[in-house]
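One structure below.
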Amino acid sequence: MIIGILGAGKMAQMLVPKLVSGGHRVVLSNSRGAASLQALVEKMGPGVSAADSKQMLADADLVILATPWEKTAAAVSAAGSWAGKVVIDTTNNRRGPRPEDLIDIGGRGSSEVVAELIPGAHVVKTFNYEPIPVFAGGLPPEGDSGAIFFSGDDDRAKVKAAQLIRDIGGEPIDAGSLAEGGKLHGMGGPLSLKLKLLSPKEAKALLDTARHPDK
Ligand SMILES: NC(=O)c1ccc[n+]([C@@H]2O[C@H](COP(=O)([O-])OP(=O)(O)OC[C@H]3O[C@@H](n4cnc5c(N)ncnc54)[C@H](OP(=O)(O)O)[C@@H]3O)[C@@H](O)[C@H]2O)c1
């Protein structure tokens with residue numbers, strides 16, 4: 001597949017080598033245009049290119065959102081129409097890791113807010129719930145096949161996202177809808193911040209406990 005990534009920072013750069021190893025081509029984009037990404041593209045090697053966000057969105061079979069929360073609305077708006085696109089949302093409503101860095105969105109799930117910004121897109125939330133080095137080190141080639149929680153409302157988009165997770169060596173664990181799963185593995189939710197990738201067995205047990213805390 002051609003995977004577009006909106007945002008070319010730490011999250012994107014963690015995912016790119018794993019996506020390329022998984023057999024995908026990657027198109028990176030940011031707010032400053034393709035020329036600003038040439039050095040990064042060369043560093044990342046074959047299978048990686050850059051484009052402006054409109055071109056990236058037009059060409060991509062699946063798009064990964066990896067922009068800072070406060071930039072995301074402007075970023076998706078500049079890229080054009082997202083109708084019909086499968087979108088993996090890695091964003092969190094945070095300015096940083098400290099409790100005071102949380103951005104108030106009125107108790108809503110952050111990916112539900114993102115889904116409203118890109119009407120007609122099929123949003124799957126994942127890669128949001130641990131610090132980036134945990135995903136980097138917990139997936140091949142650095143780590144074993146760690147469990148990756150994901151959630152979403154569109155079954156076909158979830159099948160695509162689950163396959164992508166397998167392609168990069170992870171074991172997808174379906175946490176449910178954006179409303180339910182998105183809160184469980186939203187940053188600060190019961191599935192977040194374990195500071196390691198769990199084994200599939202551990203992840204399924206934790207999901208069961210999170211869904212039925214009184215059991
Ligand atoms: N850091 C973590 O450990 C972690 C863990 C889980 C999830 N996340 C989430 O992942 C997302 C990305 O985080 P990150 O750490 O990768 O951020 P980052 O390193 O700051 O990178 C952000 C990228 O977004 C681009 N960008 C900014 N404004 C843009 C716009 N208007 N249009 C297009 N691109 C734009 C930036 O490039 P330009 O400024 O050049 O456009 C940059 O390439 C965040 O929402 C964060 O909450 C982070």
Side-chain angles (χ1 to χ4, degrees), residues 3-19 26-41 43-44 48-58 60 63-80 82 85 87-105 108-115 117-118 123-139 142 146 148-151 161 165 168 170 175 181-189 191-197:
I3 312 289
I5 310 187
L6 188 56
K10 296 180 283 300
M11 176 62 78
Q13 291 175 42
M14 179 277 289
L15 288 170
V16 165
K18 298 182 193 301
L19 292 166
V26 178
V27 182
L28 292 168
S29 61
N30 64 3
S31 68
R32 290 174 295 135
S36 72
L37 291 166
Q38 274 322 304
L40 178 62
V41 163
K43 185 176 148 202
M44 291 282 156
V48 183
S49 60
D52 70 56
S53 62
K54 276 201 171 77
Q55 192 65 50
M56 176 282 293
L57 183 59
V63 180
I64 298 175
L65 259 187
T67 43
W69 181 260
E70 289 153 301
K71 304 287 174 63
T72 298
V76 297
S77 161
W82 293 72
K85 290 287 177 184
V87 176
I88 290 187
D89 177 28
T90 74
T91 70
N92 283 312
N93 54 313
R94 308 195 68 90
R95 292 184 191 90
R98 301 167 307 167
E100 58 269 37
D101 293 329
L102 186 67
I103 298 165
D104 185 7
I105 52 171
R108 305 184 62 211
S110 66
S111 292
E112 294 174 87
V113 175
V114 167
L117 298 174
I118 46 177
V123 175
V124 177
K125 182 185 189 76
T126 186
F127 300 121
N128 67 293
Y129 56 90
E130 297 289 350
I132 288 166
V134 171
F135 293 110
L139 291 168
E142 292 87 349
I148 304 289
F149 293 113
F150 70 104
S151 56
I165 291 167
I168 65 170
K183 289 220 174 76
L184 294 178
H185 67 85
M187 196 58 103
L191 305 181
S192 74
L193 293 175
K194 304 302 161 198
L195 302 183
K196 62 170 191 169
L197 290 192

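We number each residue from 1, following the sequence as shown. Counting convention: from 1, in listed order, for ligands and their atoms alike.
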### Task
Mark the output for Arg94 as yes if a heavy-atom distance to ligand 1 is under 4.0 Å, and as no if none is.
no
### Message
Give the atom numbers and elements of ligand 1 that come within less than 4.0 Å of a heavy atom of Glu130.
### Response
5 (C), 6 (C)
### Query
Looking at atom 32 (N) of ligand 1, what's its closest protein heavy atom, distance included?
Ala75 CB, 3.2 Å
### Task
Heavy-atom contacts with Lys71 under 4.0 Å: which atoms of ligand 1 show up? List them by number with element.
28 (N), 31 (N)
### Task
State whether the side chain of Ser29 and the backbone N or O of Ala34 hold a donor-acceptor pair below 3.5 Å, judged by distance alone.
no
### Task
Indicate yes or no for a side-chain donor-acceptor contact from Lys125 to the backbone of Gly186 under 3.5 Å, with no hydrogens or angles considered.
no
### Message
If we ignore hydrogens and angles and just use 3.5 Å, is the side chain of Asn128 paired with the main-chain N or O of Asn92 as donor and acceptor?
### Response
no
### Task
Under 4.0 Å, heavy atoms only, figure out whether ligand 1 is touched by the backbone of Phe127, its side chain, both or neither.
backbone
#### Entry: Nearest-0.5 Å distance, OG1 of residue Thr72 to CG of residue Leu6
8.0 Å
### Task
Please round to the nearest 0.5 Å and tell me the distance separating atom CG of Leu28 and atom CE of Met56.
9.5 Å
### Query
Looking at ligand 1, does any of its N/O atoms fall within less than 3.5 Å of an N/O of Pro133?
no
### Message
I'd like to know if atom 36 (C) of ligand 1 has any protein heavy atom within a distance of less than 4.0 Å.
### Response
no
### Query
Relative to the heavy atoms of Thr91, which atoms of ligand 1 are at a distance of less than 4.0 Å?
45 (O)
### Message
Are any of the N/O atoms on Thr67, whether in the backbone or the side chain, positioned under 3.5 angstrom from an N/O atom of ligand 1?
### Response
yes
### Query
With a 4.5 Å limit on heavy-atom distance, are the side chains of Glu100 and Arg95 in contact?
no
### Query
Phe135: heavy atom below 4.0 Å from ligand 1, yes or no?
no
### Query
Is the backbone of Lys194 close enough, under 3.5 Å, to the side chain of Glu130 for a donor and an acceptor to pair up by distance?
yes
### Query
To which protein heavy atom is atom 25 (C) of ligand 1 closest, and what is the distance rounded to 0.1 Å?
Gly7 CA, 3.8 Å
### Task
Let me know which of Ser111, Ser110, Ser151 forms a side-chain hydrogen bond (donor to acceptor under 3.5 Å, both in side chains) with Asp89.
Ser111
### Query
Under 3.5 Å between some N or O of ligand 1 and some N or O of Asn128?
no
### Summary
atom 18 (P) of ligand 1: closest protein heavy atom, distance to 0.1 Å, is Lys10 NZ, 3.7 Å
### Message
Which residue and atom name correspond to the protein heavy atom nearest atom 40 (O) of ligand 1, and how close is it?
### Response
Arg32 NE, 2.5 Å
### Task
Flag the pair Phe149 / Leu184 as yes when at least one side-chain heavy-atom distance between them is below 4.5 Å, and no otherwise.
no
### Message
So is Pro68 touching ligand 1 or not, going by heavy atoms under 4.0 Å?
### Response
yes
### Message
Using only atom types and a distance under 3.5 Å, with no angle test, would you say the side chain of Thr91 pairs donor to acceptor with the backbone of Ala66?
### Response
no
### Query
Would Tyr129 and Phe150 count as a close aromatic pair, with their ring centres under 6.0 Å?
no
### Task
For atom 43 (O) of ligand 1, grab the closest protein heavy atom and report residue, atom and distance to one decimal in Å.
Ala8 N, 2.8 Å
### Closest approach of any protein heavy atom to atom 3 (O) of ligand 1, naming residue and atom
Ile132 N, 3.0 Å
### Task
Within a distance under 4.0 Å of any heavy atom of Thr90, pick out the atoms of ligand 1 and give their elements.
7 (C), 8 (N), 9 (C), 10 (O)
### Task
Provide the number and element of each atom of ligand 1 under 4.0 Å from a heavy atom of Leu6.
33 (C)
### Task
Verify, without hydrogens or angle tests, whether Trp82 (side chain) and Val76 (backbone) share a donor-acceptor contact under 3.5 angstrom.
yes
### Query
Nearest 0.5 Å, what's the OG1-CD1 distance between Thr90 and Ile64?
7.5 Å
### Query
Judged by non-hydrogen atoms, does Gln13 sit under 4.0 Å from ligand 1?
no
### Query
Counting both backbone and side chain atoms, is some N or O of Met11 under 3.5 Å from an N or O of ligand 1?
yes
### Task
List the closest protein heavy-atom neighbour of atom 47 (O) of ligand 1: residue, atom name, distance to the nearest 0.1 Å.
Asn92 N, 3.4 Å
#### Entry: Glu142 bridged to Lys18 by N-O distance under 4.0 Å
yes
### Query
What atoms of ligand 1 come closer than 4.0 angstrom to any heavy atom of Pro131?
3 (O)
### Message
On a heavy-atom basis, I'd like to know which of Ser31, Gly9, Ala66 is closest to atom 29 (C) of ligand 1.
### Response
Ser31
